[in-house]
Amino acid sequence: MSEDLLRYDILIQDALRGAVKKILAEVGRTGLPGDHHFYIAFDTNAPGVRISPRLKERYPQEMTIVLQHQFWDLAIGEHAFEVGLSFGGVPEKLLVPYSAIKGFFDPSVQFALEFDPGKTAEELPEELLEAVEELAKAEQDHEAKDKPDVEVIADAANSDEEEGDKKPEKKDAQGDGGGEVVSSGRLPEKDLTSRSAGDKSDPITAQS
């Protein structure tokens, strides 16, 4: 058999991604008709994907979102779509290139499409990739500034305790001067109302 130099597989995949783009554009203009709603799975490591660091930590490879009841600011671009969703009560903005989509499913009519993110002839513009990288860096810097320096607090508290052990005779006039030690251990994370597409548990994902 001759070699497929035209790469029909890639042409079909890109054509179907174009169909997803048209579907989302129609929903962006008129809203979801009837009982239609979408499950969209995408590769969180694909070029151009922008999600918050906390979502990336929770879903390091793949993530599925649901566009159904509560989503906002659905914007359809030439190469990607952006949408606002709530995860565990925390609003988030996601930017997903069409080339990163791995699956599209409308359960109301049992319509499904599957994609291989590596099979596409589309090249994302450099300016889009640079913008995503800059936004990701800005978010990381912002989180680093907002994160309490609990280790420093803990060290300071431990230092005070050591001094108290060395000099027990010196006490505050109003009490024993005991301070609360703040642990630098990781706080337990609340369960998000989303899941990775690879999770075999309850299929309900980030409700939107």
From [X] [atom1] over to [Y] [atom2], what is the distance, rounded to the nearest 0.5 angstrom?
X      : Y     : atom1 : atom2 : value
Phe87  : Ser52 : CZ    : OG    : 8.0 Å
Arg50  : Leu94 : CZ    : CG    : 8.0 Å
Gln61  : Asp43 : CD    : CG    : 8.0 Å
Asp116 : Gln13 : CG    : CD    : 6.0 Å
Leu67  : Phe38 : CG    : CZ    : 7.0 Å

* To do: Could you identify which residues cluster with Trp72, counting Ile, Leu, Val, Met, Phe, Trp and Tyr as linked when any side-chain heavy atoms lie under 4.5 Å apart, either directly or through a chain of such contacts?
  =>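 Reading the cluster by chain and number, Trp72 sits alone, since nothing else belongs.
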
* Structure fact -> Partner of Ile65 under side-chain contact (heavy atoms from CB on, under 4.5 Å), picked from Ile51, Leu55, Leu85, is Leu85

* Asked: Taking the six-membered ring for Trp, are Tyr39 and Phe104 ring centroids under 6.0 Å apart?
  ->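 No, the ring centres sit 6.0 Å or more apart.
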
* Asked: Thr44 side chain to Tyr59 main-chain N or O, any donor-acceptor pair under 3.5 Å?
  -> yes

Show me the donor-acceptor pairs, under 3.5 Å and distance only, between side chains in residues 24-32 and residues at least two apart or in other chains.
unit_1 : atom_1 : unit_2 : atom_2 : d
Glu26  : OE1    : Arg29  : NH2    : 2.6
Thr30  : OG1    : Glu26  : O      : 2.9

* Asked: What closest approach, in Å, do Leu95 and Ala80 show between heavy atoms, and which atom pair accounts for it?
  -> CD1-CB, 4.0 Å

* What are the two closest heavy atoms between Glu57 and Pro60, and how far apart are they? -> O-CD, 3.8 Å

* Between Lys102 and Glu62, is there a salt bridge with N-O shorter than 4.0 Å? -> yes

* Asked: Does atom CD of Glu82 have more than 12 heavy-atom neighbours from other groups under 6.0 Å away?
  -> yes

* **Within 6.0 Å of CG in Asp35, more than 12 heavy atoms from elsewhere** => no

Give the cluster check for [X] versus [Y]: same hydrophobic cluster or not, with ILVMFWY residues linked at side-chain heavy-atom distances below 4.5 Å.
X      : Y     : result
Phe111 : Ile40 : yes
Val109 : Leu16 : yes
Phe115 : Leu11 : no

* To do: Could you please spell out the steps behind the side chain to side chain contact (heavy atoms under 4.5 Å, CB included) verdict for Arg54 and Val90?
  => CA-CA 11 Å; Arg54 80 185 189 102; Val90 179; 3.1 Å; yes

* 4.5 Å side-chain heavy-atom contact, Glu78 and Lys21 ->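 Yes, at least one pair of side-chain atoms sits under 4.5 Å.
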
* Do Pro107 and His37 come within less than 4.5 Å of each other through their side chains, counting heavy atoms only? -> yes

* Asked: By side-chain hydrogen bond (donor to acceptor under 3.5 Å, both in side chains), which residues pair with Asp106, not counting sequence neighbours?
  -> His36, Ser108

